[in-house]
Trainee: 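Below: one structure in C-alpha coordinates.
None of the values given here were measured: they were computed from a predicted structure. By convention here, the first residue in the shown sequence is residue 1.
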Amino acid sequence: MRLVPPVEVTGSNLVASNVPDVPPAAYAGGTTYADGARVSVLQGDGFTYKVYESLVAGNVGNAVTDDDFWLYLADSYAEWDSGTTYAVNAIVISTATNHAYQSLQAANTGHSLSDAAWWLDLGPTNRFLMFDRASSSQTANGESIDTTFDVTGRVNAVSVLNMTAATVQLIMSTEADGEIYNDTVNLVSSGGVSTWWEYFFQPVTRYGDWTFADLPTNINPTVRTIVTEPDGIAKVGTVAAGLSRNIGKVIYPASIGIQDFSRLEQDEFGAFTIVKRGYANRESLKVSVDERNVDAITDYLKSVRATPTVFIGVEAYRATWLLGFIKDWSWQFAGPNESYVNLELEGMV
(Lines give C-alpha, C1' and ligand atoms only; values in the text may rest on other atoms or scores of the structure.)
Protein backbone atom coordinates (compact mmCIF):
# COMPACT_ATOMS: atom_id res chain seq x y z
CA MET A 1 0.00 0.00 0.00
CA ARG A 2 1.36 3.36 -1.07
CA LEU A 3 0.65 6.77 0.50
CA VAL A 4 1.28 10.01 -1.38
CA PRO A 5 1.01 13.12 0.87
CA PRO A 6 0.90 15.93 -1.72
CA VAL A 7 2.94 19.10 -1.74
CA GLU A 8 0.97 22.34 -1.84
CA VAL A 9 0.57 24.12 -5.18
CA THR A 10 -0.33 27.81 -4.99
CA GLY A 11 0.12 30.92 -7.06
CA SER A 12 3.68 31.20 -5.79
CA ASN A 13 4.93 27.89 -7.23
CA LEU A 14 2.55 27.40 -10.17
CA VAL A 15 4.88 28.25 -13.03
CA ALA A 16 2.49 27.97 -15.97
CA SER A 17 -1.05 26.91 -16.89
CA ASN A 18 -3.05 27.03 -20.12
CA VAL A 19 -6.30 27.31 -18.14
CA PRO A 20 -7.70 30.88 -18.39
CA ASP A 21 -7.57 32.98 -15.27
CA VAL A 22 -8.45 36.68 -15.73
CA PRO A 23 -10.42 36.98 -19.01
CA PRO A 24 -8.43 38.27 -22.01
CA ALA A 25 -9.57 41.24 -24.12
CA ALA A 26 -13.06 41.14 -25.60
CA TYR A 27 -13.51 39.66 -29.07
CA ALA A 28 -13.72 42.25 -31.87
CA GLY A 29 -15.02 41.14 -35.25
CA GLY A 30 -12.75 43.45 -37.23
CA THR A 31 -9.52 42.43 -35.52
CA THR A 32 -7.11 39.95 -37.09
CA TYR A 33 -6.04 37.32 -34.58
CA ALA A 34 -2.90 35.19 -34.64
CA ASP A 35 -2.85 31.45 -34.09
CA GLY A 36 -3.18 30.90 -30.32
CA ALA A 37 -4.56 34.37 -29.56
CA ARG A 38 -7.23 34.43 -26.87
CA VAL A 39 -10.42 36.48 -26.60
CA SER A 40 -13.38 36.64 -24.25
CA VAL A 41 -17.10 37.15 -24.72
CA LEU A 42 -19.20 38.57 -21.87
CA GLN A 43 -22.40 36.59 -21.29
CA GLY A 44 -25.91 37.83 -20.59
CA ASP A 45 -25.55 37.61 -16.81
CA GLY A 46 -23.07 40.46 -16.94
CA PHE A 47 -20.20 38.72 -15.15
CA THR A 48 -19.42 35.39 -16.86
CA TYR A 49 -16.88 35.43 -19.69
CA LYS A 50 -16.42 32.62 -22.19
CA VAL A 51 -12.80 32.36 -23.30
CA TYR A 52 -11.80 31.22 -26.80
CA GLU A 53 -8.46 30.53 -28.50
CA SER A 54 -7.77 31.12 -32.19
CA LEU A 55 -6.93 27.94 -34.12
CA VAL A 56 -5.48 29.65 -37.19
CA ALA A 57 -3.38 32.63 -38.17
CA GLY A 58 -5.01 35.60 -39.92
CA ASN A 59 -8.28 34.91 -38.12
CA VAL A 60 -10.60 37.84 -38.90
CA GLY A 61 -14.38 38.11 -39.01
CA ASN A 62 -15.02 34.53 -37.92
CA ALA A 63 -17.55 34.08 -35.11
CA VAL A 64 -16.17 32.56 -31.94
CA THR A 65 -18.82 29.84 -32.21
CA ASP A 66 -17.22 28.59 -35.45
CA ASP A 67 -15.10 25.66 -34.23
CA ASP A 68 -13.07 25.65 -37.44
CA PHE A 69 -11.48 28.89 -36.25
CA TRP A 70 -11.96 28.99 -32.48
CA LEU A 71 -11.54 26.58 -29.57
CA TYR A 72 -13.70 27.16 -26.52
CA LEU A 73 -11.52 26.87 -23.42
CA ALA A 74 -13.47 27.69 -20.26
CA ASP A 75 -15.60 30.20 -18.40
CA SER A 76 -13.91 32.86 -16.31
CA TYR A 77 -14.70 35.99 -14.31
CA ALA A 78 -13.22 39.46 -14.05
CA GLU A 79 -10.81 40.30 -11.26
CA TRP A 80 -12.39 42.16 -8.35
CA ASP A 81 -12.06 45.95 -8.56
CA SER A 82 -12.75 48.09 -5.49
CA GLY A 83 -14.21 50.88 -7.63
CA THR A 84 -16.74 48.71 -9.47
CA THR A 85 -20.33 48.34 -8.28
CA TYR A 86 -21.47 44.73 -8.31
CA ALA A 87 -25.00 43.39 -8.49
CA VAL A 88 -26.29 40.62 -6.26
CA ASN A 89 -24.97 37.18 -7.38
CA ALA A 90 -22.18 38.71 -9.50
CA ILE A 91 -19.02 36.60 -9.44
CA VAL A 92 -15.43 37.90 -9.41
CA ILE A 93 -12.03 36.34 -8.83
CA SER A 94 -8.97 37.33 -6.84
CA THR A 95 -5.49 36.60 -8.18
CA ALA A 96 -4.17 37.14 -4.65
CA THR A 97 -6.13 34.24 -3.16
CA ASN A 98 -6.93 32.38 -6.40
CA HIS A 99 -10.54 32.09 -5.23
CA ALA A 100 -13.86 33.12 -6.75
CA TYR A 101 -16.41 35.20 -4.80
CA GLN A 102 -20.13 35.86 -5.22
CA SER A 103 -21.77 39.13 -4.27
CA LEU A 104 -24.42 38.68 -1.56
CA GLN A 105 -26.00 42.12 -1.93
CA ALA A 106 -26.87 44.65 -4.59
CA ALA A 107 -24.92 47.94 -4.92
CA ASN A 108 -21.78 46.20 -3.68
CA THR A 109 -19.01 48.80 -3.99
CA GLY A 110 -15.65 48.90 -2.24
CA HIS A 111 -16.36 46.07 0.21
CA SER A 112 -13.41 43.77 0.79
CA LEU A 113 -13.69 40.20 -0.48
CA SER A 114 -13.03 39.08 3.10
CA ASP A 115 -16.25 40.79 4.28
CA ALA A 116 -18.62 37.83 4.73
CA ALA A 117 -21.65 40.13 4.85
CA TRP A 118 -21.02 41.15 1.23
CA TRP A 119 -19.13 38.27 -0.40
CA LEU A 120 -19.42 34.47 -0.40
CA ASP A 121 -16.15 32.59 -0.97
CA LEU A 122 -16.89 30.03 -3.69
CA GLY A 123 -13.53 28.31 -3.37
CA PRO A 124 -10.63 28.02 -5.82
CA THR A 125 -10.85 29.36 -9.35
CA ASN A 126 -11.04 26.92 -12.24
CA ARG A 127 -7.26 26.98 -12.69
CA PHE A 128 -6.65 25.92 -9.07
CA LEU A 129 -9.48 23.41 -8.53
CA MET A 130 -7.10 20.57 -9.43
CA PHE A 131 -4.95 21.51 -6.43
CA ASP A 132 -7.70 22.01 -3.83
CA ARG A 133 -7.47 18.52 -2.24
CA ALA A 134 -11.05 17.62 -3.23
CA SER A 135 -11.19 15.17 -6.11
CA SER A 136 -14.83 15.83 -7.05
CA SER A 137 -14.13 19.47 -7.99
CA GLN A 138 -12.50 19.53 -11.41
CA THR A 139 -10.43 21.97 -13.43
CA ALA A 140 -11.90 22.05 -16.96
CA ASN A 141 -10.42 23.36 -20.19
CA GLY A 142 -10.92 22.85 -23.91
CA GLU A 143 -8.96 19.83 -25.24
CA SER A 144 -6.04 20.03 -22.78
CA ILE A 145 -4.91 21.02 -19.29
CA ASP A 146 -1.21 21.83 -19.29
CA THR A 147 0.26 22.89 -15.92
CA THR A 148 3.78 23.29 -14.57
CA PHE A 149 4.75 23.77 -10.93
CA ASP A 150 7.93 23.85 -8.86
CA VAL A 151 8.60 21.55 -5.93
CA THR A 152 10.86 22.40 -3.00
CA GLY A 153 12.49 19.18 -1.86
CA ARG A 154 11.85 15.81 -3.47
CA VAL A 155 8.91 13.86 -4.91
CA ASN A 156 8.84 10.32 -6.28
CA ALA A 157 5.18 9.98 -7.24
CA VAL A 158 2.49 12.05 -8.94
CA SER A 159 -1.18 11.00 -8.90
CA VAL A 160 -3.59 12.50 -11.44
CA LEU A 161 -7.13 11.69 -10.33
CA ASN A 162 -10.72 12.01 -11.57
CA MET A 163 -9.77 12.75 -15.16
CA THR A 164 -11.89 13.07 -18.28
CA ALA A 165 -9.11 12.58 -20.80
CA ALA A 166 -7.63 10.40 -23.52
CA THR A 167 -3.99 10.71 -22.44
CA VAL A 168 -1.92 12.01 -19.54
CA GLN A 169 1.73 12.98 -19.78
CA LEU A 170 4.22 13.73 -17.02
CA ILE A 171 7.48 15.60 -17.57
CA MET A 172 9.94 16.22 -14.76
CA SER A 173 13.05 18.37 -14.97
CA THR A 174 15.54 20.19 -12.79
CA GLU A 175 17.61 23.29 -13.37
CA ALA A 176 20.81 21.31 -12.94
CA ASP A 177 19.97 18.17 -14.95
CA GLY A 178 17.34 19.26 -17.48
CA GLU A 179 14.63 16.75 -18.38
CA ILE A 180 14.87 13.65 -16.19
CA TYR A 181 11.48 11.97 -16.82
CA ASN A 182 8.94 11.97 -19.67
CA ASP A 183 6.12 9.47 -20.01
CA THR A 184 2.77 9.57 -21.84
CA VAL A 185 -0.05 7.16 -20.97
CA ASN A 186 -3.03 6.21 -23.15
CA LEU A 187 -5.95 6.00 -20.72
CA VAL A 188 -8.08 3.51 -22.68
CA SER A 189 -8.95 0.69 -20.28
CA SER A 190 -9.37 -3.00 -21.07
CA GLY A 191 -11.13 -3.55 -17.77
CA GLY A 192 -14.42 -5.45 -17.96
CA VAL A 193 -13.60 -6.97 -21.36
CA SER A 194 -13.54 -10.77 -21.04
CA THR A 195 -15.22 -11.89 -24.30
CA TRP A 196 -14.95 -10.99 -27.99
CA TRP A 197 -18.52 -9.61 -27.91
CA GLU A 198 -17.55 -7.22 -25.14
CA TYR A 199 -14.38 -6.29 -27.04
CA PHE A 200 -16.33 -5.24 -30.14
CA PHE A 201 -19.57 -3.90 -28.66
CA GLN A 202 -18.93 -2.66 -25.13
CA PRO A 203 -18.44 1.14 -24.96
CA VAL A 204 -14.79 2.14 -24.70
CA THR A 205 -13.90 2.99 -21.13
CA ARG A 206 -10.94 4.95 -19.81
CA TYR A 207 -8.97 5.10 -16.65
CA GLY A 208 -9.89 8.17 -14.65
CA ASP A 209 -6.91 7.87 -12.31
CA TRP A 210 -3.21 7.35 -12.92
CA THR A 211 -0.14 7.40 -10.70
CA PHE A 212 3.41 7.87 -11.94
CA ALA A 213 5.21 6.03 -9.16
CA ASP A 214 8.70 5.55 -10.60
CA LEU A 215 10.00 9.12 -10.61
CA PRO A 216 13.65 10.01 -9.95
CA THR A 217 14.19 11.80 -6.65
CA ASN A 218 16.31 14.71 -7.85
CA ILE A 219 16.14 17.73 -5.56
CA ASN A 220 13.80 20.67 -6.31
CA PRO A 221 12.19 19.40 -9.53
CA THR A 222 9.76 21.12 -11.87
CA VAL A 223 6.71 18.97 -12.62
CA ARG A 224 4.61 19.35 -15.77
CA THR A 225 1.35 17.46 -16.35
CA ILE A 226 -0.47 17.49 -19.70
CA VAL A 227 -3.96 16.00 -19.86
CA THR A 228 -5.55 15.85 -23.32
CA GLU A 229 -9.11 15.27 -24.53
CA PRO A 230 -9.20 15.97 -28.31
CA ASP A 231 -12.46 17.57 -29.52
CA GLY A 232 -13.76 17.72 -25.96
CA ILE A 233 -13.34 19.30 -22.55
CA ALA A 234 -10.39 17.96 -20.56
CA LYS A 235 -11.04 17.67 -16.82
CA VAL A 236 -8.83 16.92 -13.81
CA GLY A 237 -9.95 16.53 -10.22
CA THR A 238 -6.58 16.33 -8.49
CA VAL A 239 -2.87 16.50 -9.23
CA ALA A 240 -0.97 15.30 -6.18
CA ALA A 241 2.83 15.19 -6.17
CA GLY A 242 4.60 13.89 -3.12
CA LEU A 243 7.29 11.74 -1.57
CA SER A 244 5.38 8.47 -1.40
CA ARG A 245 5.90 5.58 0.97
CA ASN A 246 4.95 1.94 0.68
CA ILE A 247 3.87 0.75 4.14
CA GLY A 248 2.98 -2.88 3.39
CA LYS A 249 0.64 -5.21 1.52
CA VAL A 250 -3.17 -5.10 1.67
CA ILE A 251 -4.56 -8.51 2.66
CA TYR A 252 -7.94 -10.08 3.34
CA PRO A 253 -10.35 -9.02 4.70
CA ALA A 254 -10.66 -5.55 3.14
CA SER A 255 -13.68 -3.53 2.07
CA ILE A 256 -14.36 -0.47 -0.07
CA GLY A 257 -17.50 1.56 -0.68
CA ILE A 258 -19.00 5.02 -0.64
CA GLN A 259 -21.05 7.28 1.59
CA ASP A 260 -23.73 8.82 -0.63
CA PHE A 261 -25.04 12.26 0.39
CA SER A 262 -27.97 12.16 -2.04
CA ARG A 263 -31.44 12.54 -0.56
CA LEU A 264 -34.71 10.77 -1.24
CA GLU A 265 -37.53 13.26 -0.63
CA GLN A 266 -41.22 12.37 -0.49
CA ASP A 267 -44.03 14.87 -1.15
CA GLU A 268 -47.51 14.92 0.42
CA PHE A 269 -48.86 12.56 -2.27
CA GLY A 270 -46.21 9.94 -1.62
CA ALA A 271 -44.16 10.61 -4.75
CA PHE A 272 -40.41 10.42 -4.36
CA THR A 273 -37.79 12.77 -5.77
CA ILE A 274 -34.10 11.93 -5.74
CA VAL A 275 -31.83 14.88 -5.03
CA LYS A 276 -28.44 13.81 -6.38
CA ARG A 277 -25.50 15.04 -4.30
CA GLY A 278 -21.86 14.18 -3.87
CA TYR A 279 -20.38 11.12 -2.28
CA ALA A 280 -17.25 10.16 -0.35
CA ASN A 281 -15.21 7.01 -0.88
CA ARG A 282 -14.64 4.87 2.18
CA GLU A 283 -12.23 2.00 2.77
CA SER A 284 -11.45 -0.43 5.54
CA LEU A 285 -8.08 -2.05 4.85
CA LYS A 286 -5.87 -4.53 6.65
CA VAL A 287 -2.19 -4.10 5.80
CA SER A 288 0.53 -6.64 6.54
CA VAL A 289 3.65 -4.88 7.81
CA ASP A 290 7.19 -6.10 8.39
CA GLU A 291 7.51 -6.11 12.18
CA ARG A 292 10.83 -4.27 11.92
CA ASN A 293 8.94 -1.27 10.51
CA VAL A 294 6.18 -1.02 13.12
CA ASP A 295 7.68 1.93 15.01
CA ALA A 296 8.66 3.81 11.85
CA ILE A 297 5.23 3.35 10.27
CA THR A 298 3.53 4.38 13.51
CA ASP A 299 5.44 7.67 13.42
CA TYR A 300 4.70 8.06 9.71
CA LEU A 301 0.94 7.56 10.12
CA LYS A 302 0.95 10.12 12.92
CA SER A 303 2.73 12.59 10.63
CA VAL A 304 -0.01 12.39 7.95
CA ARG A 305 -2.84 12.60 10.47
CA ALA A 306 -5.57 15.06 9.38
CA THR A 307 -3.70 15.55 6.10
CA PRO A 308 -5.43 15.00 2.72
CA THR A 309 -3.41 12.16 1.21
CA VAL A 310 -3.62 9.85 -1.80
CA PHE A 311 -3.99 6.24 -0.62
CA ILE A 312 -3.23 3.54 -3.19
CA GLY A 313 -4.42 0.31 -1.62
CA VAL A 314 -3.59 -2.05 -4.50
CA GLU A 315 -1.90 -0.44 -7.48
CA ALA A 316 -3.63 -2.72 -10.00
CA TYR A 317 -7.13 -1.88 -8.69
CA ARG A 318 -8.11 1.78 -8.94
CA ALA A 319 -11.22 1.07 -6.89
CA THR A 320 -8.84 0.99 -3.91
CA TRP A 321 -7.37 4.43 -4.69
CA LEU A 322 -8.65 7.25 -2.53
CA LEU A 323 -7.92 10.92 -1.87
CA GLY A 324 -8.79 11.54 1.74
CA PHE A 325 -7.58 11.07 5.28
CA ILE A 326 -7.15 8.42 7.95
CA LYS A 327 -10.25 8.37 10.10
CA ASP A 328 -8.88 5.72 12.44
CA TRP A 329 -6.04 3.20 12.60
CA SER A 330 -4.87 0.52 14.99
CA TRP A 331 -2.22 -2.18 15.20
CA GLN A 332 -2.96 -5.87 15.46
CA PHE A 333 -0.25 -8.27 16.61
CA ALA A 334 -1.53 -11.73 15.74
CA GLY A 335 1.61 -13.66 16.65
CA PRO A 336 5.34 -13.81 16.08
CA ASN A 337 6.22 -12.00 12.86
CA GLU A 338 2.54 -11.17 12.25
CA SER A 339 1.95 -7.42 12.37
CA TYR A 340 -1.04 -5.73 10.80
CA VAL A 341 -2.29 -2.16 10.72
CA ASN A 342 -6.03 -1.67 10.26
CA LEU A 343 -6.89 1.55 8.44
CA GLU A 344 -10.26 3.28 8.23
CA LEU A 345 -10.08 5.79 5.36
CA GLU A 346 -12.51 8.58 4.51
CA GLY A 347 -12.50 10.19 1.05
CA MET A 348 -12.76 13.90 0.32
CA VAL A 349 -16.03 14.90 -1.37
Side-chain angles (χ1 to χ4, degrees), residues 11 14 16-109 113 118-132 137-148 163-166 226-237:
L14 183 65
S17 174
N18 70 337
V19 180
D21 196 10
V22 177
Y27 169 76
T31 300
T32 300
Y33 294 99
D35 186 8
R38 292 186 175 185
V39 299
S40 64
V41 178
L42 181 62
Q43 301 303 290
D45 59 15
F47 55 84
T48 302
Y49 292 82
K50 290 192 175 296
V51 180
Y52 298 85
E53 183 174 273
S54 177
L55 296 174
V56 298
N59 189 352
V60 58
N62 300 297
V64 292
T65 53
D66 189 336
D67 55 17
D68 288 330
F69 295 93
W70 295 95
L71 171 66
Y72 166 70
L73 295 178
D75 288 356
S76 188
Y77 307 98
E79 188 170 13
W80 175 73
D81 176 63
S82 61
T84 299
T85 299
Y86 296 99
V88 64
N89 295 326
I91 298 175
V92 298
I93 64 174
S94 166
T95 55
T97 64
N98 301 308
H99 277 220
Y101 301 84
Q102 186 174 41
S103 176
L104 295 176
Q105 301 185 46
N108 187 348
T109 308
L113 293 173
W118 288 90
W119 294 100
L120 173 66
D121 188 342
L122 299 177
T125 59
N126 183 37
R127 176 180 288 185
F128 284 88
L129 284 172
M130 61 196 291
F131 303 114
D132 70 349
S137 57
Q138 295 173 298
T139 293
N141 198 56
E143 293 199 339
S144 71
I145 298 173
D146 186 345
T147 58
T148 303
M163 289 181 284
T164 299
I226 306 171
V227 172
T228 64
E229 176 71 343
D231 301 319
I233 303 296
K235 297 180 181 179
V236 175

Trainee: For residues N18 and E53, determine if any side-chain heavy atom of one lies less than 4.5 Å from a side-chain heavy atom of the other.
Mentor: no
Trainee: Atom OG1 of T147 and atom CG of L14: how far apart are they, to the nearest 0.5 Å?
Mentor: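 One finds 6.5 Å between OG1 of T147 and CG of L14.
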Trainee: Between A74 and A140, which heavy-atom pair has the shortest distance, and what is it?
Mentor: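 Heavy atoms of A74 and A140 come nearest at CB-O, 3.6 Å.
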Trainee: Could you tell me which non-hydrogen atom of T85 sits nearest to which non-hydrogen atom of A107, and how far apart they are?
Mentor: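 Here T85 and A107 meet closest at CG2-CA, 3.7 Å.
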Trainee: Out of curiosity, I93 CD1 to L122 CG, how far, rounded to the nearest 0.5 Å?
Mentor: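 CG of L122 is found 11.5 Å from CD1 of I93.
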Trainee: Any side-chain heavy atom of I145 sitting closer than 4.5 Å to one from V19?
Mentor: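 A side-chain contact under 4.5 Å exists here.
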Trainee: To the nearest 0.5 Å, what is the distance between CZ (F131) and OG (S17)?
Mentor: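 That separation rounds to 7.0 Å.
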Trainee: Is any side-chain heavy atom of N98 less than 4.5 Å from a side-chain heavy atom of R127?
Mentor: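 SC-SC contact between N98 and R127 ruled out.
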Trainee: Tell me whether E143 contacts the main-chain N or O of D231 through its side chain, where contact means a donor paired with an acceptor under 3.5 Å.
Mentor: yes
Trainee: For Y49 and L42, run side chain to side chain contact (heavy atoms under 4.5 Å, CB included): C-alpha distance rounded to whole Å, both residues' side-chain angles, the deciding distance at 0.1 Å, then the answer.
Mentor: CA-CA 4 Å; Y49 292 82; L42 181 62; 3.5 Å; yes
Trainee: D132 and G237: which non-hydrogen atoms are nearest, and at how many Å?
Mentor: OD1-O, 4.4 Å
Trainee: Ignoring hydrogens, what is the shortest heavy-atom contact between K50 and D75? Give both atom names and the distance.
Mentor: NZ-OD1, 3.1 Å
Trainee: So do Y101 and D121 actually touch side chain to side chain, heavy atoms under 4.5 Å?
Mentor: yes
Trainee: So for atom CG, which belongs to D45, do other residues, nucleotides or ligands contribute more than 12 heavy atoms lying within a distance under 6.0 Å?
Mentor: yes
Trainee: Is any side-chain heavy atom of Y33 closer than 4.5 Å to a side-chain heavy atom of N62?
Mentor: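 Side chain of Y33 against side chain of N62, heavy atoms only: no contact under 4.5 Å found.
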Trainee: Quick check: does any side chain N or O of S54 sit under 3.5 Å from a backbone N or O of A34, one acting as donor and the other as acceptor?
Mentor: yes
Trainee: Any non-hydrogen side-chain atom of Y27 less than 4.5 Å from a side-chain atom of S40?
Mentor: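 No, side chains not in contact.
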Trainee: Hey, which of Y77, F47, Y86 is the one that makes side-chain contact (heavy atoms from CB on, under 4.5 Å) with V92?
Mentor: Y86
Trainee: Could you list the residues that satisfy side chain to side chain donor-acceptor pair (under 3.5 Å) with Q105, not counting sequence neighbours?
Mentor: none
Trainee: Considering non-hydrogen atoms only, spot the tightest contact between D21 and T95 and give its length.
Mentor: OD2-CG2, 3.9 Å
Trainee: Hey, is the main chain of V236 close enough, under 3.5 Å, to the side chain of Q138 for a donor-acceptor pair?
Mentor: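 Judged by distance alone, no pair lies under 3.5 Å.
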Trainee: Would a 4.5 Å heavy-atom cut-off, applied to side chains only, mark F128 and T97 as touching?
Mentor: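 Of all side-chain heavy-atom pairs linking T97 with F128, none is under 4.5 Å.
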Trainee: Between OG1 of T228 and CG of N141, what distance do you get to the nearest 0.5 Å?
Mentor: 12.0 Å
Trainee: Heavy atoms, side chains only, cut-off 4.5 Å: are N126 and T139 in contact?
Mentor: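 They are in side-chain contact.
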Trainee: I'd like to know whether D67 forms a side chain to side chain contact (heavy atoms under 4.5 Å, CB included) with Y72, so could you lay out the CA-CA distance, the side-chain angles of the two residues, the decisive distance to 0.1 Å, and finally the verdict.
Mentor: CA-CA 8 Å; D67 55 17; Y72 166 70; over 6 Å; no
Trainee: Rounded at 0.5 Å granularity, tell me how far CZ in F69 sits from CG in L55.
Mentor: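 Between F69 CZ and L55 CG, I get 9.5 Å after rounding to 0.5 Å.
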Trainee: Heavy-atom count around K235 NZ within 6.0 Å, excluding the residue itself: above 12?
Mentor: no
Trainee: Measuring from atom CD of E79 to atom OG1 of T84, what distance do you get when rounded to the nearest 0.5 angstrom?
Mentor: 11.0 Å
Trainee: Indicate yes or no for a side-chain donor-acceptor contact from S103 to the backbone of A87 under 3.5 Å, with no hydrogens or angles considered.
Mentor: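 Yes, S103 side chain to A87 backbone: donor-acceptor pair under 3.5 Å.
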Trainee: Check I91 against A100 and note the closest heavy-atom contact, atom names and distance.
Mentor: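 Closest heavy-atom pair between I91 and A100: CG2-CB, 4.3 Å.
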